[in-house]
There are 2 protein chains.
Amino acid sequence: MPRETLNRDQIVQAAIDLLDAEGIEGLSMRKLGRQLGSAPTAMYWHVGNKENLVVLAADRVWGEIERPDPAEVGWRAAARALVHDAHAMTLRHPWLITAVSTHFVYGHGLAGLQDHSYAVYEAAGFTGPDLDWAVNTAFTFLAGAAIDDAVKAAMVRARIRPGRGEEGSAEEDVVTWATGIASRYPRLRARLEAQAGEDPARAARRKFEFGVEAILDGLEARLAATGTAAATAPSATTAPGPDGGDPRPRH
Amino acid sequence: MPRETLNRDQIVQAAIDLLDAEGIEGLSMRKLGRQLGSAPTAMYWHVGNKENLVVLAADRVWGEIERPDPAEVGWRAAARALVHDAHAMTLRHPWLITAVSTHFVYGHGLAGLQDHSYAVYEAAGFTGPDLDWAVNTAFTFLAGAAIDDAVKAAMVRARIRPGRGEEGSAEEDVVTWATGIASRYPRLRARLEAQAGEDPARAARRKFEFGVEAILDGLEARLAATGTAAATAPSATTAPGPDGGDPRPRH
DNA sequence: ACCTGAACACCGTTCAAGT
DNA sequence: ACCTGAACACCGTTCAAGT
């Protein structure tokens with residue numbers, strides 16, 4: 001099923017599909033070529049090389065995050081919405097966080113998101129270095145949460161039996177193996193027992209929410225401390241976009 | 001310079017050295033074999049496969065983090081020390097965070113660290129789910145900060161000229177290229193201009209410190225809200241270790 | 001018990017050649 | 001302008017064979 005002619009958008013989209021389905025290790029130029037009905041080397045003309053393709057894909061998914069207007073909903077609600085929507089995105093694309101830790105990803109998808117984040121925390125009343133730091137704190141927590149998700153995805157993928165020779169069962173899965181290690185530590189065992197029978201999806205959501213609210217509390221406290229405190233209610237802040245231009249580097 | 005005989009510790013250490021020097025993409029079984037003076041396939045007997053080797057290496061470096069006693073220094077100081085020392089570790093081993101996002105890493109290095117974290121936040125007065133969540137919030141921020149560092153390392157590694165055909169210079173480096181994108185956004189440009197001429201190392205440190213303190217503030221606020229608030233001063237909590245055993249899975 | 005060497009099925013990438 | 005095919009230098013891993 002070869003298309004009329006290949007183009008960059010199509011290749012990047014196919015790469016994202018492959019990444020979503022098989023993870024970062026599942027992406028290969030040859031597989032991509034097969035999927036697009038082209039020679040394994042056909043994509044080089046359009047995207048230069050594999051690294052650049054991953055960068056393009058990563059920047060594209062950064063662009064999927066919605067930009068709530070702090071002037072409409074208030075800064076705290078906007079900040080909350082931003083981080084929750086971003087989290088939903090990293091769950092759709094668990095390879096993203098691995099990609100950004102390996103390749104240097106920067107483009108209009110990420111830059112636009114950052115700019116909007118600045119708008120939100122500016123509306124909160126942060127200025128100067130505090131503004132950078134506030135944005136960074138929320139963003140850093142988000143990146144960490146994405147790692148959590150990636151770990152969970154890796155756990156699911158893992159079919160390894162890590163202790164073939166270890167005393168006892170010969171084919172236990174990773175989870176029971178990890179649980180076995182954790183239960184040698186008193187506090188970890190206690191928490192594991194307490195968590196038994198919980199709905200994991202619900203637990204993950206509440207954990208994330210707790211972190212977000214704790215951070216927003218902490219940021220509000222800093223805001224109050226520096227005196228520049230602003231209302232949680234909407235304030236008038238415009239959020240103009242970039243001055244257009246090609247969102248992807250040409251080659 | 002072939003050793004007497006290979007062993008697992010030696011192989012894991014050589015892998016860590018290679019990873020520190022060349023990053024996760026620089027590790028190959030063949031290179032490792034060359035470095036150890038053995039056949040490329042000699043390590044399989046000791047570590048099973050490459051994935052397991054990376055897991056072993058990752059768990060080992062988790063174990064490098066010091067465990068401050070909250071009973072001695074107070075929970076907040078202990079929490080602070082823990083996260084700062086962990087951050088120093090991720091700077092020594094920037095590949096770690098990529099490794100954990102790709103492979104499922106769990107072992108006594110990480111488990112011991114987690115258990116100690118629980119001890120610290122338990123000393124603060126957290127119990128039940130709040131305890132899980134508090135530990136998780138700090139840990140998540142740490143993971144995010146490690147990503148930040150990995151991004152910086154990736155940026156340094158990147159020697160790509162991403163816009164050969166783009167109007168203007170033909171061989172600009174990634175940083176000026178990224179700056180070019182960012183400066184199309186009003187708020188990003190403003191902050192970039194304000195940050196010009198800052199010492200990057202000092203800026204990174206202050207950014208991290210701000211995040212840590214904001215989170216600890218937020219956690220203290222939650223603690224006060226639930227009524228179970230505990231003093232910041234030392235409280236008596238023992239911190240017994242695991243009941244011994246082999247820290248690495250045998251094969 | 002520990003290691004080697006050959007072999008297999010993969011990779012990313014370059015480049016001359018085609019249309 | 002866009003794509004193919006062959007080729008090159010790599011990979012991880014298995015496995016029979018050696019000691």
Side-chain angles (χ1 to χ4, degrees), chain A residues 1-12 14-15 18-19 22-57 95 98-99 102-103 154 157-162 164-166 248 250-251, chain B residues 1-12 14-15 18-19 22-57 95 98-99 102-104 154 157-162 164-165 248 250-251:
Chain A
M1 55 245 18
R3 273 79 164 174
E4 296 286 341
T5 183
L6 286 175
N7 64 61
R8 183 183 272 212
D9 271 15
Q10 186 190 135
I11 293 169
V12 172
L18 226 172
L19 285 163
E22 305 193 24
I24 197 95
E25 320 228 70
L27 175 67
S28 88
M29 300 304 266
R30 296 168 127 98
K31 239 188 269 188
L32 198 56
R34 223 173 298 144
Q35 192 149 317
L36 289 164
S38 320
T41 56
M43 290 87 63
Y44 283 81
W45 196 88
H46 298 276
V47 299
N49 56 29
K50 189 187 181 185
E51 164 147 28
N52 196 44
L53 174 58
V54 172
V55 169
L56 257 16
W95 48 270
T98 309
T102 310
H103 313 291
R157 249 191 332 265
R159 205 162 293 282
I160 337 141
R161 55 270 95 135
R164 285 217 299 135
E166 215 153 347
R248 295 168 309 278
R250 299 194 205 89
H251 74 286
Chain B
M1 57 243 15
R3 272 78 164 175
E4 295 287 340
T5 182
L6 286 175
N7 62 61
R8 183 183 272 215
D9 270 15
Q10 186 191 134
I11 293 170
V12 172
L18 226 172
L19 285 162
E22 304 192 25
I24 197 97
E25 322 230 65
L27 176 68
S28 88
M29 300 304 268
R30 296 169 125 98
K31 239 188 270 187
L32 198 57
R34 224 174 298 142
Q35 192 150 315
L36 289 164
S38 320
T41 55
M43 289 87 64
Y44 283 81
W45 196 89
H46 298 276
V47 299
N49 56 29
K50 189 187 180 184
E51 165 146 28
N52 196 45
L53 173 58
V54 171
V55 170
L56 257 18
W95 49 271
T98 309
T102 310
H103 314 291
F104 179 67
R157 249 191 332 265
R159 205 164 294 281
I160 339 141
R161 54 275 91 142
R164 287 217 299 135
R248 294 167 311 280
R250 299 193 204 87
H251 76 284

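Order of the sequence lines fixes the chain letters, A, B, ..., with proteins taken first and strands second; residue numbering starts at 1 for each chain.
- For the atom pair B/Gln10 CD and B/Leu36 CG, the distance stands at 6.0 Å (nearest 0.5 Å).
- The CG-C1' distance, from B/Asn49 to D/dC15, rounds to 16 Å in whole Å.
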Starting at the 5' end of DNA chain C, write a dot or bracket for each base, bracketing those in Watson-Crick or G-U wobble pairs whose two distances are under 3.5 Å and using | for partners on another strand. ||.|||||...|||||.||
Base, backbone or nothing for each nucleotide of nucleotides 5-11 of chain C, written B, S, -, heavy atoms under 4.0 angstrom, 5' to 3'? BB----B
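- For the pair B/Arg8 CZ and C/dC2 P, the interatomic distance rounds to 12 Å; values are reported in whole Å.
- Across the protein-nucleic acid pair, B/Asn7 atom CG and C/dC2 atom P stand 10 Å apart, rounded to whole Å.
- For B/Arg8 (side chain) and B/His46 (main-chain N/O), a donor-acceptor pair under 3.5 Å exists by modelled atom type.
- Between B/Leu53 atom CG and D/dT13 atom P there is a gap of 10 Å when expressed in whole angstrom units.
- Rounded to an integer number of Å, the gap from CH2 of A/Trp45 to C1' of D/dC3 is 10 Å.
- A/Val12 approaches A/Ala57 most closely through the heavy-atom pair CG1-CA, 3.9 Å.
- Distance check, rounded to the nearest 0.5 Å: OG1 of A/Thr102 to CD1 of A/Ile24 gives 6.5 Å.
- As a whole-Å value, the separation of A/His46 NE2 from C/dT13 P is 16 Å.
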